[in-house]
Enquirer: 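Okay, handing you the structure first.
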Amino acid sequence: MQRVTPQDANAVISADDFAQTVVNWQRQHGRNDLPWQQHNDPYHVLVSELMLQQTQVKTVIPYFQRWLEQFPTFTALANADEQEVMACWQGLGYYRRARNLQAAAQKVVADYQGTMPQAMEELREIPGVGPYTVGAIRAFAFDAPAAIVDGNVKRLLGRLFTLPYVVNKSTHDKYFWELSEHYTPTVNNRRFAQGLLDLGATVCKPRQPTCELCPLQKVCCAYQQDCVEDYPKREVKARIPTRPGHFCLDINGQGVVLEQRPADGIWPSLWSLPECKEAPQGKPLTRFKHTFSHYKLDGHVWVTSLPPSDRPRRRIEPEHLANIGLPAPIRKLLEQLNWDEVCQIQL
DNA sequence: GACGCGTGGTC
DNA sequence: TGACCAAGCGT
C-alpha cells in the first residue's frame, strides 16, 4: 500500500493554508448555534461528546437538553441515581456511554474538585474519553491545540489526498492521526476543530457531497481527478447474522414483569422482558425484528410463566413505563400491546 | 487489532 | 428492503 506522509500532503496544501481555510469557512458557513456550543462549558462539552459518539447531531439535541435539565452539573450527575441516569439515556443506544458519563462526572468531582482537567494524559483517564474525545474536549472546552480524528476527518482527508486508507476499520488510523496532527494549528483550535466536523457533515458528506461549496475544492485531489465517489476507501463488510431471541410476558396479576439486564452484553443495565435461551412453554403472542450494529434480532414474545432468575425484577403498570430505562424496541412493543386482549389469554 | 456495543435516517 | 452511515470506546 502506498503511504501518504504529512510531507506528501503538505505539497498539496500547507498546514497554515489548510487551517486558515477551515477557520475562515467555519466562521462564515459553519454551525455555531448547536445547544452545546452556547457556553463552552466543559461539562456541556463532555456530555455532548459522549452522546455524539456514533450518533447524529439531530438525534442528540433533545437528549442533550433533557440531560442538562435533569443533571445540570458534574456534581448533580455524580450524585444522581443510576436508574435515573439510564432512564434519561433510554433510546439513545450504546448504553455503556451513560454509565461512562456518570463515572466520568464522579471522577472529575473526586479527583479534580469538579473542574475538568485540561492535560491530555489526565483526560485520557476519564471513563468514556478516548483519543477522539480528548481532542474534542481540549478544542471545544479550552480552545487548546488538539488533533481530532473521527469519521468526518477521515472522509475529508481521504478525499482531499485520495488516501488508500480504509475508514471503516482501525487498520490505518495511525496514518490519519499523523495527518491530522500535522494540520492542527496552535491557535483558533475551537473553530478549526468545529470547521473540520462541519465540513464533513455539511459539505464533504458521505453521499452526494456538495463539492461546489467546498473551500478546498481547488486543492482536493479527489475532486481534481473526478473520483470523489471512490473515496474514502472502505472495506466491504460481511452480512450480519440473524439470531432468535425469546422474551417472556407474564400476565399473572397487574402490569408486566420486567427484569434488569446484566451490566454486560446488549442493553446493559436496562429493564426488559425476561429473556430465555430457548422457546419457553406457553403461547406465542407476537414477533418483532430489530437490527443492531452487528446482528439482527428475530424476537419472539411468549405469554408464559416466568423462569427463575437471580436478577432484579419488578412489576410495572403499563402507564408507568415512561420513567424506566427500556430498550427502544421493547418500549415500542409494550406500547403497542393490547393489554385487554393479552389478559384474555389462557395458558 | 478485532470485536461487541443501538438506534434512527437515508437512499 | 437491505445496506450504509453517524462528533468512538473498552476489552
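The structure presented is a predicted model; accordingly, all values stated were derived computationally and were not measured. Lettering of chains follows the sequences in order, A, B, ..., and the numbering in each one begins at 1. Note that these values count all heavy atoms, side chains included, but never hydrogens, waters or copies made by symmetry.
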Enquirer: Please measure how far the P atom in B:dG8 lies from the corresponding atom in C:dG10, and state the result in whole Å.
Expert: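 Those two atoms are separated by 24 Å.
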Enquirer: Can you tell me the distance, in whole Å, between the CG atom of A:Asn168 and the C1' atom of C:dC5?
Expert: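 Taking CG of A:Asn168 and C1' of C:dC5, I get 11 Å after rounding.
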Enquirer: Expressed as a whole number of angstroms, how long is the span from A:Asn152:CG to C:dC4:P?
Expert: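 Checked: the CG to P distance equals 19 Å.
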Enquirer: Do A:Arg31 and C:dA7 have a side chain to base donor-acceptor pair shorter than 3.5 Å?
Expert: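 A donor-acceptor contact between them is present.
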Enquirer: Flag the pair A:Asp298 and A:Arg243 as a salt bridge only when some basic side-chain nitrogen lies within less than 4.0 angstrom of an acidic carboxylate oxygen.
Expert: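 No.
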Enquirer: Does A:Lys296 make a cation-pi contact with A:Phe292 (under 6.0 Å, within 45 degrees of the axis)?
Expert: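 No, a cation-pi geometry is absent between A:Lys296 and A:Phe292.
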Enquirer: What is the ring orientation for A:Phe18 with A:Tyr183, classed by angle as parallel under 30°, tilted 30 to 60°, or perpendicular over 60°?
Expert: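 Plane angle between 30° and 60°, so tilted.
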Enquirer: Rounding to a whole Å, what distance do you find between A:Arg207:CZ and C:dG2:C1'?
Expert: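 From A:Arg207 CZ to C:dG2 C1': 12 Å.
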Enquirer: With C1' as the reference atom in both, quote the distance from C:dC5 to B:dG6 in angstrom, rounded to an integer.
Expert: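 Those two atoms are separated by 13 Å.
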Enquirer: Output the rounded distance in Å from NZ (A:Lys58) to P (C:dA7).
Expert: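 That distance rounds to 14 Å.
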Enquirer: Within residues 122-147 of chain A, which residues have any heavy atom lying less than 4.0 Å from an atom of DNA chain C?
Expert: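 Residues of residues 122-147 of chain A under 4.0 Å from DNA chain C: A:Arg124, A:Pro127, A:Gly128, A:Val129, A:Gly130, A:Pro131, A:Tyr132, A:Thr133.
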Enquirer: Going through the distances and angles, do A:Trp67 and A:Tyr43 end up as a ring pair (Phe, Tyr, Trp, His ring centres under 6.0 Å)?
Expert: CA-CA 11 Å; A:Trp67 192 276; A:Tyr43 177 64; 8.2 Å; no
Enquirer: Choose from C:dC5, C:dG10, C:dA7 the nucleotide whose nearest atom is closest to any side-chain atom of A:Ala201.
Expert: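 Of all the options, the side chain of A:Ala201 is nearest to C:dA7.
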Enquirer: Just how far, in rounded Å, is P of C:dA7 from CZ of A:Phe176?
Expert: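 Spelled out: CZ on A:Phe176 to P on C:dA7 is 14 Å.
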Enquirer: Is any side-chain nitrogen or oxygen of A:Arg99 closer than 4.0 Å to OP1 or OP2 of C:dG10?
Expert: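 Looking at the OP1 and OP2 atoms of C:dG10, neither is under 4.0 Å from any side-chain N or O of A:Arg99.
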Enquirer: Take atom NZ of A:Lys205 and atom C1' of B:dT10, then tell me their distance rounded to the nearest Å.
Expert: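 Spelled out: NZ on A:Lys205 to C1' on B:dT10 is 11 Å.
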Enquirer: Using a 4.0 Å heavy-atom cut-off across all strands, classify A:Leu34 as base, sugar-phosphate, or nothing.
Expert: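 Base contact.
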Enquirer: Looking only at heavy atoms, which two atoms of A:Val45 and A:Ile137 are closest? And how far apart?
Expert: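 For A:Val45 and A:Ile137, the tightest heavy-atom pair comes out as CG1-CA, 4.0 Å.
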Enquirer: With side-chain contact (heavy atoms from CB on, under 4.5 Å) as the test, would you mind laying out the steps for A:Leu197 and A:Ile148 before giving the verdict?
Expert: CA-CA 9 Å; A:Leu197 301 182; A:Ile148 54 170; 4.0 Å; yes
Enquirer: For the side chain of A:Gln26 and the backbone of A:Leu196, is there at least one donor-acceptor N/O pair under 3.5 Å apart?
Expert: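 Checking the backbone N and O of A:Leu196 against the side chain of A:Gln26, no donor-acceptor pair under 3.5 Å is found.
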Enquirer: Distance between the C1' atoms of B:dG1 and C:dT11, in whole angstroms?
Expert: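 It comes out at 11 Å once rounded to the nearest Å.
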Enquirer: If only side-chain N and O atoms of A:Arg234 are considered, is one of them under 4.0 Å from the OP1 or OP2 phosphate oxygen of C:dC5?
Expert: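 For A:Arg234, the contact criterion (side-chain N or O under 4.0 Å from OP1 or OP2 of C:dC5) is met.
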Enquirer: Mark yes or no for whether A:Glu278, through its side chain, and A:His246, through its backbone, hold a donor-acceptor pair below 3.5 Å.
Expert: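 No, the answer is negative, given that no donor and acceptor are paired below the 3.5 Å cut-off.
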Enquirer: With the criterion being N/O to N/O and under 3.5 Å, what pairs connect the protein with nucleotides 4-8 of chain B, and how long is each?
Expert:
unit_1: B:dG4; atom_1: N2; unit_2: A:Arg96; atom_2: NH2; d: 2.6
unit_1: B:dC5; atom_1: OP1; unit_2: A:Ile266; atom_2: N; d: 3.4
unit_1: B:dC5; atom_1: OP2; unit_2: A:His294; atom_2: NE2; d: 2.7
unit_1: B:dG6; atom_1: OP1; unit_2: A:Tyr94; atom_2: N; d: 3.3
unit_1: B:dG6; atom_1: OP1; unit_2: A:Tyr95; atom_2: N; d: 2.8
unit_1: B:dG6; atom_1: OP2; unit_2: A:Trp267; atom_2: N; d: 2.6
unit_1: B:dG6; atom_1: O4'; unit_2: A:Tyr94; atom_2: N; d: 3.0
unit_1: B:dG6; atom_1: N7; unit_2: A:Tyr94; atom_2: OH; d: 3.4
unit_1: B:dG6; atom_1: O6; unit_2: A:Tyr94; atom_2: OH; d: 3.1
unit_1: B:dG6; atom_1: N1; unit_2: A:Gln54; atom_2: O; d: 3.0
unit_1: B:dG6; atom_1: N2; unit_2: A:Gln54; atom_2: O; d: 3.2
unit_1: B:dG6; atom_1: N2; unit_2: A:Thr55; atom_2: OG1; d: 2.8
unit_1: B:dT7; atom_1: OP1; unit_2: A:Tyr95; atom_2: OH; d: 2.6
unit_1: B:dT7; atom_1: OP1; unit_2: A:Ala328; atom_2: N; d: 2.9
unit_1: B:dT7; atom_1: OP2; unit_2: A:Trp267; atom_2: NE1; d: 3.0
unit_1: B:dT7; atom_1: OP2; unit_2: A:His290; atom_2: NE2; d: 2.8

Enquirer: Quick check: does any side chain N or O of A:Arg159 sit under 3.5 Å from a backbone N or O of A:Tyr223, one acting as donor and the other as acceptor?
Expert: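 Checked: no pair found.
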Enquirer: Between the side chains of A:Asp8 and A:Arg3, is the shortest nitrogen-to-carboxylate-oxygen separation below 4.0 Å, so that they form an ion pair?
Expert: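 No, no charged N to carboxylate O under 4.0 Å.
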Enquirer: Report the distance from atom OH of A:Tyr165 to atom P of B:dG1, rounded to the nearest whole Å.
Expert: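 So the two atoms are 14 Å apart, to the nearest Å.
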Enquirer: Could you tell me whether A:Trp36 contacts a base, only the sugar-phosphate backbone, or nothing, with contacts defined as non-hydrogen atoms closer than 4.0 Å?
Expert: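 Contact class for A:Trp36: base.
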Enquirer: Measure the distance from CG on A:Leu46 to P on C:dG8 and round it to the nearest whole Å.
Expert: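 Nearest whole value for this atom pair: 15 Å.
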